[in-house]
Chemist: 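Would you mind keeping the following structure in view while I ask a few things?
Each chain gets a letter, A, B and so on, in the order the sequences are listed, and its residues count up from 1. On a predicted model such as this, the values are computed, not experimentally measured, just so you know.
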Number of protein chains: 2
Amino acid sequence: MIQERDQRLLDPEAHLLIVEDDGEMRALVARLLREAGFRVSTARDGREMFEVINDAITPPDLVVLDVMLPGVSGFDLCRRLRAQSQVPIIMLTARADETDRVVGLEIGADDYVAKPFAPREFVARVRALLRRTMMDPGDSVAKARRLIFAGWSLDLKARELTSPAGVIVDLSGAEHDLLLAFLEHPQRVLSREQLMEVAKRRMSVDTSDRAVDVQVSRLRRKIEPDETSPAIIKTVRGSGYVFVPPVTRE
Amino acid sequence: MIQERDQRLLDPEAHLLIVEDDGEMRALVARLLREAGFRVSTARDGREMFEVINDAITPPDLVVLDVMLPGVSGFDLCRRLRAQSQVPIIMLTARADETDRVVGLEIGADDYVAKPFAPREFVARVRALLRRTMMDPGDSVAKARRLIFAGWSLDLKARELTSPAGVIVDLSGAEHDLLLAFLEHPQRVLSREQLMEVAKRRMSVDTSDRAVDVQVSRLRRKIEPDETSPAIIKTVRGSGYVFVPPVTRE
DNA sequence: TCGGTTGGCTGCAAGTTTGTGACAAAACAT
DNA sequence: ATGTTTTGTCACAAACTTGCAGCCAACCGA
């Protein structure tokens, strides 16, 4: 009881999206979570899911995704969702298969619950995940208008990069995303996988590592003062790349 | 196979702490996670756990906590740990009791795994949680972590070694790993085998002891002030090497 | 002091990793 | 549809890493 109230206060306004084709199940899960104090939206399939995510006034803070959906599989949806968002995902499945769970977790789900599930545990897992994700400032970077580094300035809204001399340098989409990935995590070695994950363009899982190298190469050509010895994006042999200069928001 | 390698790169440097009283189980979990590419420390009980958390040179990025411990219960430890840290916690229990799981999750654990668990799923859950926590800035995990010794400073995230004079010294992968092994166990004689164990990023099992000597030699050349008489890494004839200066975290 | 053992270090070759031009597929704009 | 831009992949050279052999120095016990 006390827990109920405390938790409710802990996750105020949290908005959940349930993606589940079976009406009965959908209603059950929705009721369960509403009773736990969450705001709940539902979707029947991938199309509706993306509709809610892209068009809703308040995008969901967490997605509960059924694996068995008509048409596209929940795994595919999970992958596609991850490609465009870091929203926490709990997968739900009738199959208790372990391989299934591992695959789910590896393609980006945060938790995996098998049906039939115990209501209280399910809610507890939703809360645990929300607690972990909502305490983070989240897209602190996204709130900033522009990011400054080494005299350069990246306008996030306009997607416009200005050189120290004040010249506007055009960046392609992938270049912009890659640079942003670096700016979000400066002074930290980022593996090619991490870069791909953060620079979520439409990169599917099967894109090769070398694509990152090429993009880094192209980006360097635009922002490195001295082409022969990179001072901004350094290579860490065997591990990945690191963005050296400090980044400030403004 | 590919997943293994990719995932390994995804969480470079991650340091896990296993709290488990049963020796066999502890060894099993530790081996499992080491094989998955993590750095692993272990603790037998709450006292040891807090010792590692507060005194270890590199604090853990994630804690695996057994519920059944002698003395204080794992739940209490979890609560006490949460009171002072936001480190991600995975609870481990022999009891598959649902109430148990709910309690665990509600008092602050991030995930809850019942024994016996499927190894791959367990590792997948560890990774899923690390993925969620290590990327987001703001957490203790994301803070720049550097180790100081004899005026030198090693930035773990950027993999950057700075000399007392402020010059950045490049380290190869093996050199970095070797140095880290020393920094984590200063003032302790480390055998060549132990050093190889830690710096085994690419070292096969059959590499000769002398390889360590050579790496030590190369490392010395970079950090020893006086080449003729090593003051930082001393040789202990017949046993191995010792890292002499005190190491502090900052 | 002397022989045997252990460790330090150099040169090197093999293996790995990375940078980048070229090309083709894909996406995009007109 | 058509031309332009973007982007992933390939290929290959260049750069880097690293284990090892081997020689020499330091060390140790008798």
Chemist: Let me know the distance between NE2 of B/His176 and C1' of D/dT17, rounded to the nearest Å.
Modeler: 16 Å
Chemist: Distance alone, cut at 3.5 Å: any donor-acceptor contact between the side chains of B/Thr58 and B/Arg39?
Modeler: yes
Chemist: Is the phosphate of C/dC9 approached by B/Ser217 (side-chain N or O, under 4.0 Å from OP1 or OP2)?
Modeler: yes
Chemist: Rounded to the nearest Å, what distance is computed from the CG atom of residue A/Asp213 to the P atom of nucleotide D/dT9?
Modeler: 12 Å
Chemist: Using atom CG of B/Asp170 as one end and atom C1' of D/dA15 as the other, report the distance to the nearest whole Å.
Modeler: 13 Å
Chemist: Provide, to the nearest angstrom, the distance between the CD1 atom belonging to A/Ile233 and the C1' atom belonging to C/dG19.
Modeler: 13 Å
Chemist: Hey, are the side chains of B/Val236 and B/Val242 touching, using non-hydrogen atoms and a 4.5 Å cut-off?
Modeler: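 Sidechains of B/Val242 and B/Val236: in contact.
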Chemist: Can you say whether a donor on the side chain of A/Arg218 sits under 3.5 Å from an acceptor on the base of C/dG19, or the other way round?
Modeler: no
Chemist: By nearest atom, which of the nucleotides C/dG19, D/dT7, C/dG21 is closest to the A/Arg221 side chain?
Modeler: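 Among C/dG19, D/dT7, C/dG21, the one nearest the side chain of A/Arg221 is C/dG21.
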Chemist: Can you tell me if A/Arg132 and B/Thr133 form a side-chain donor-acceptor pair at under 3.5 Å?
Modeler: no
Chemist: How about B/Phe149 and B/Phe243: are their ring centres within less than 6.0 Å of each other?
Modeler: yes
Chemist: Closer than 4.0 Å, any side-chain N/O of A/Ser208 to the OP1 or OP2 of D/dT9?
Modeler: yes
Chemist: On the side chain of A/Arg237, is there an atom forming a donor-acceptor pair with the base of C/dT18 - under 3.5 Å, no angle test?
Modeler: no
Chemist: Using a 4.0 Å heavy-atom cut-off, does B/Val216 contact any base of the nucleic acid, only the sugar-phosphate backbone, or nothing at all?
Modeler: nothing
Chemist: Closest approach to the side chain of A/Ala211, judged atom by atom: which nucleotide of D/dG8, C/dG21, C/dT18 is it?
Modeler: D/dG8
Chemist: Report the distance from atom CZ of B/Arg159 to atom P of D/dT17, rounded to the nearest whole Å.
Modeler: 12 Å
Chemist: Bend across the helix from C/dT1-D/dA30 to C/dT30-D/dA1, to 10°, with axes taken over 5 pairs at each end?
Modeler: 40°
Chemist: Can you see if the side chain of B/Tyr241 gets near the phosphate of C/dT6 - specifically, an N or O under 4.0 Å from OP1 or OP2?
Modeler: no
Chemist: Without decimals, in angstroms, what is the distance between B/Met196 CE and D/dC20 C1'?
Modeler: 11 Å
Chemist: Quick one: do the B/Thr248 and B/Arg146 side chains pair a donor with an acceptor below 3.5 Å?
Modeler: no
Chemist: Ignoring backbone atoms, establish whether A/Arg210 has a side-chain N or O less than 4.0 Å from OP1 or OP2 of D/dC10.
Modeler: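 For A/Arg210, the contact criterion (side-chain N or O under 4.0 Å from OP1 or OP2 of D/dC10) is not met.
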Chemist: In terms of side-chain heavy atoms, does B/Thr235 have a donor or acceptor partner in B/Arg220 at a distance below 3.5 Å?
Modeler: yes
Chemist: Within the pair B/Thr235 and C/dG8, is there a side-chain N or O less than 4.0 Å away from OP1 or OP2?
Modeler: yes
Chemist: Take a 6.0 Å sphere around CD of B/Gln187 and say whether it holds more than 12 heavy atoms from other residues, nucleotides or ligands.
Modeler: yes
Chemist: How close or far is atom P of C/dG7 from atom CZ of B/Arg220, stated in whole angstroms?
Modeler: 11 Å
Chemist: Tell me whether the side-chain N/O atoms of B/Ser172 come closer than 4.0 Å to OP1 or OP2 in D/dT18.
Modeler: yes
Chemist: Checking side-chain contact (heavy atoms from CB on, under 4.5 Å) against A/Ile233, which of A/Leu179, A/Ile223, A/Leu178, A/Val244 comes through?
Modeler: A/Ile223
Chemist: Both B/Asp209 and A/Glu175 contact DNA chain D. Taking the nearest nucleotide for each, which residue is further toward the 5' end?
Modeler: A/Glu175
Chemist: 5'-most contact on DNA chain C: B/Val214 or A/Gly240, nearest heavy atom basis?
Modeler: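 The residue closer to the strand's 5' end, by nearest nucleotide, is B/Val214.
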Chemist: Rounded to the nearest Å, what distance is computed from the CG atom of residue A/Leu219 to the P atom of nucleotide C/dT20?
Modeler: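 To the nearest whole Å, that distance equals 12 Å.
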